[in-house]
Asks: 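Encoded as structure tokens, here's the structure I'll be asking about.
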Amino acid sequence: MHHMIVDEKLYPPPRTEQEVWDFMKNSDRSAGRFRKFLGEYQNPYTMSKCLCENLVSQEKGDAKTVIVRPSIVGPCLSSPLPGWLDTWIANTALFSDISRGMTRVFYGDNSAVCDMIPVDYVSNFIIIAAAKGASNKELNVYNICSSSVNPISWKAAADLYLEESLKHPRFPGQLKPTKALTFRSPFLVDSLTFALQTVPAAVADLYLKIKGEKPRHLHEQKRAVLLRDILRQFSSPALFIRSDRSRRLISGLSEEDQLRYPCDAGAIDWREYLRILYSGVQKYMFKRNI
């Protein structure tokens, strides 16, 4: 995330449309050129969202328009299916890898906030914002998130997910999981990754080879480290997303609509949500009934 405090407003585009097209047409795909083009943005995902928001603002004309900007979108909390998800996204992959003994250290510290929001809350809020939050005069931006009303740290969320996973049998051949360590220092993360992840994975693969089975742990390690490192910019900074405008919109709903379209992150019980998240991962991603 480029801004450590994200307000409910439109941010100026980092590049013009023509600059983006020119960059895409250039055959030079070097990492240095790519980083230079991104500038202060740390990845193309966040940059593309900013570009798209500004394109919507330019082209909306007189149409009533709202932008709903969610934080990290997680599996359903309740509707239509508790725990439903269909892809490995952000924190879901990290928590799952920790619970399976594949990730034992990641970037951050014990207080870095994991700003996640269930996908059904995002969908419900989009309906509310479209019905009650648009005006002809301006483009209204709404952040639907949790850090400003009900924060939980990456460390605490990972520990809750692991706690739930330990109530159930482990996958056959799965490495023994432990509570993950968090550090901001790349040197410490890399060193401990080698000692606590790479070495045990190599030993486990050697054991599989001796048994005449195909080694798999080092291959899984590469994937786990890649996913963890992609999340570095979200798990390590002190990110705070403001949601005052969204909160006012939600509080102005009738009791009936608040029950029909739940989207108040302040009401989420994180222990219960991480339990549901774990069950959803097992059911919809691993196709296991628990």
Side-chain angles (χ1 to χ4, degrees), residues 29 31 43 45 72 74-76 81-108 110 114 116 154-236 273-290:
R29 295 289 189 269
N43 66 46
Y45 173 69
I72 297 173
C76 288
L81 299 168
W84 178 86
L85 73 163
D86 65 351
T87 184
W88 290 114
I89 46 175
N91 53 336
T92 302
L94 178 66
F95 298 160
S96 179
D97 287 345
I98 291 172
S99 74
R100 290 185 289 150
M102 295 164 58
T103 296
R104 296 180 176 179
V105 57
F106 65 93
Y107 290 98
N110 292 350
C114 178
M116 53 183 169
W154 284 87
K155 172 65 173 170
D159 287 350
L160 285 175
Y161 188 97
L162 176 62
E163 180 182 315
E164 178 60 30
S165 74
L166 293 176
K167 299 176 183 177
H168 306 275
R170 277 192 281 165
F171 280 87
Q174 174 184 304
L175 298 176
K176 184 178 180 180
T178 62
K179 285 188 176 182
L181 304 172
T182 59
F183 297 97
R184 291 185 181 274
S185 165
F187 174 77
L188 284 175
V189 171
D190 290 343
S191 300
L192 289 171
T193 295
F194 178 77
L196 301 179
Q197 296 181 202
T198 306
V199 171
V203 172
D205 274 352
L206 178 60
Y207 177 68
L208 290 177
K209 287 182 179 180
I210 293 173
K211 291 174 60 180
E213 298 180 18
K214 183 179 179 179
R216 66 176 186 277
H217 295 291
L218 281 174
H219 176 73
E220 291 175 346
Q221 262 298 298
K222 290 180 180 179
R223 170 192 165 277
V225 169
L226 174 63
L227 289 172
R228 179 202 69 188
D229 290 352
I230 289 174
L231 284 175
R232 176 180 178 180
Q233 62 185 316
F234 297 102
S235 64
S236 56
Y273 180 62
L274 269 299
R275 183 192 68 77
I276 293 171
L277 195 159
Y278 176 81
S279 298
V281 168
Q282 305 310 304
K283 182 175 182 179
Y284 298 110
M285 299 305 292
F286 292 123
K287 311 302 180 184
R288 302 174 74 206
N289 291 319
I290 62 171

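The shown structure was predicted, so the numbers you read here are calculated from the model rather than taken from an experiment.
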Asks: Using a distance-only test with no angle check, is there a side-chain donor-acceptor pair under 3.5 angstrom linking Arg100 and Gln174?
Replies: no
Asks: Does Ala93 offer a backbone N or O that forms a donor-acceptor pair with the side chain of Ser96 under 3.5 Å?
Replies: no
Asks: Return the CG to OG distance between Asp159 and Ser99, rounded to the nearest 0.5 Å.
Replies: 12.0 Å
Asks: Strictly under 6.0 Å, is that where the ring centroids of Tyr161 and Trp154 end up?
Replies: no
Asks: With a 4.0 Å cut-off on N to O distance, would you call Glu164 and Lys167 a salt bridge?
Replies: yes
Asks: Are any non-hydrogen side-chain atoms of Phe106 and Leu231 less than 4.5 angstrom apart?
Replies: no
Asks: Is the closest side-chain heavy-atom distance between Cys76 and Leu81 below 4.5 Å?
Replies: no
Asks: So do Thr92 and Trp88 actually touch side chain to side chain, heavy atoms under 4.5 Å?
Replies: yes
Asks: About how many Å separate CG of Asp97 and CD of Gln221, when rounded to the nearest 0.5 Å?
Replies: 8.5 Å
Asks: What is the minimum heavy-atom distance between Cys114 and Asn91, and which atoms define it?
Replies: SG-ND2, 4.0 Å
Asks: Taking the side chain as every heavy atom from C-beta outward, state whether Pro177 and Arg170 have any pair of such atoms under 4.5 Å apart.
Replies: yes
Asks: Output the distance between atom CD1 (Ile72) and atom CG (Leu94), rounded to the nearest 0.5 Å.
Replies: 10.0 Å
Asks: Rounded at 0.5 Å granularity, tell me how far OG in Ser235 sits from CD1 in Ile230.
Replies: 11.5 Å
Asks: Using a cut-off of 6.0 Å, state whether more than 12 heavy atoms not belonging to His168 lie near its atom NE2.
Replies: yes
Asks: For a side-chain contact (heavy atoms from CB on, under 4.5 Å) check, start with the C-alpha distance between Gln197 and Met102, then their side-chain angles and the critical distance, and finish with the verdict.
Replies: CA-CA 7 Å; Gln197 296 181 202; Met102 295 164 58; over 6 Å; no
Asks: Is it the case that atom OH in Tyr45 sees more than 12 heavy atoms from other parts of the structure closer than 6.0 Å?
Replies: no
Asks: Would you indicate whether the side-chain heavy atoms of Val105 and Arg228 approach each other to under 4.5 Å?
Replies: yes
Asks: What are the two closest non-hydrogen atoms of Leu208 and Pro215, and how far apart are they?
Replies: CD1-CA, 4.0 Å
Asks: Between Lys209 and Asp205, is there a salt bridge with N-O shorter than 4.0 Å?
Replies: no
Asks: Do the numbers put Arg232 on top of the ring of Tyr107, so that NZ or CZ is under 6.0 Å from the six-membered ring centre and no more than 45° off the axis?
Replies: yes
Asks: To check you understand the geometry: which heavy-atom pair defines the closest contact between Leu175 and Arg104, and what is its length?
Replies: CB-NH2, 4.2 Å
Asks: Would you check if the side chain of Lys155 reaches a backbone N or O of Ala180 as a donor-acceptor pair within less than 3.5 Å?
Replies: yes
Asks: So Leu196 and Thr178, do their side chains get closer than 4.5 Å, heavy atoms only?
Replies: no
Asks: Are the side chains of Val281 and Phe95 in contact, using a 4.5 Å heavy-atom criterion?
Replies: no
Asks: Supply the atom-to-atom distance Leu277 CG to Gln282 CD, rounded to the nearest 0.5 angstrom.
Replies: 10.0 Å
Asks: Stepwise, does the side-chain contact (heavy atoms from CB on, under 4.5 Å) test hold for Asn110 with Thr182?
Replies: CA-CA 7 Å; Asn110 292 350; Thr182 59; 3.0 Å; yes
Asks: Given side chains that start at C-beta, do those of Glu163 and Leu274 come closer than 4.5 Å, heavy atoms only?
Replies: no
Asks: How long is the span from the OH atom in Tyr278 to the CG atom in Leu162, to the nearest 0.5 Å?
Replies: 9.5 Å
